[in-house]
Amino acid sequence: MRQARPYSAMFAGGVSARTGPHALPLARIKKIMKRSAGDSGVSVVDGGGGARMISGEAPVVFSKACELFIAELTRRAWAATLVGKRRTVHKEDVAAAVQNTDLFDFLVDVVTADLGDDHTDYK
């Protein structure tokens, strides 16, 4: 009989045929991890390059981290939506959530560049 992996207890939700108990596809996360490891610009003893091998648990942990990140950003964007007395989340609400939360400071440049010059007042 197969034993549970160390991180399998993290997921108690439903199971879909495409992604298993994970909300995000692990193959896609693994692909991003491999590509991102090569973009770091850090010189490694073996000559650099991307991660050649990734353990089975690493994409599971990244998947859970992504789920938590998306959930938190969505909660804050929803709060901005309710302030605007609407029931649909717009990109301006996501921008407001990013700009009003210190935790998301690393996204400020990305969000403001996407919105353009006409949407810079969100505080």
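Note that the coordinates shown come from a computational prediction; the quantities given were computed from them, not determined experimentally. Note: hydrogens, waters and symmetry copies are ignored here, and every other heavy atom, side chains too, is used.
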Just jot down the side-chain contact (heavy atoms from CB on, under 4.5 Å) partners of Asp109, sequence neighbours excluded, or say none. none
Test of understanding: with side-chain contact (heavy atoms from CB on, under 4.5 Å), list the residues that count as partners of Ile32, not counting sequence neighbours.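 Testing Ile32 for side-chain contact (heavy atoms from CB on, under 4.5 Å), a comparison that skips the adjacent residues, returns Arg28, Arg35, Ser36.
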Any idea which heavy atoms bring Leu26 and Pro59 closest together, and the distance? CD2-O, 3.6 Å
Show the nearest heavy-atom pair for residues Ala96 and Ala80, with the distance to one decimal.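 Residues Ala96 and Ala80, closest heavy atoms: CB-CB, 4.1 Å.
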Distance, nearest 0.5 Å, that separates [atom1] of [X] from [atom2] of [Y]:
{"X": "Leu73", "Y": "Thr101", "atom1": "CG", "atom2": "OG1", "answer": "8.0 Å"}
{"X": "Arg76", "Y": "Leu103", "atom1": "CZ", "atom2": "CG", "answer": "6.5 Å"}
{"X": "Arg87", "Y": "Thr81", "atom1": "CZ", "atom2": "OG1", "answer": "10.0 Å"}
{"X": "Lys64", "Y": "Leu24", "atom1": "NZ", "atom2": "CG", "answer": "10.5 Å"}

Can you check whether Val60 reaches Ile29 side chain to side chain, under 4.5 Å on heavy atoms? no
Side chain proximity check, Gln99 to Thr112, heavy atoms < 4.5 angstrom: yes
Shared hydrophobic cluster for Val110 and Ile70 (ILVMFWY, side-chain gaps under 4.5 Å): no
State yes or no: do Phe106 and Val98 share one hydrophobic cluster built from I, L, V, M, F, W and Y residues joined by side-chain heavy-atom distances below 4.5 Å, directly or via other members? yes
Do the charged groups of Arg86 and Asp93 touch, with an N to O distance under 4.0 Å? yes
Is there any ring pair (Phe, Tyr, Trp, His ring centres under 6.0 Å) pair reaching into residues 59-105, and which pairs are they, with sequence neighbours excluded? Phe69-Phe104
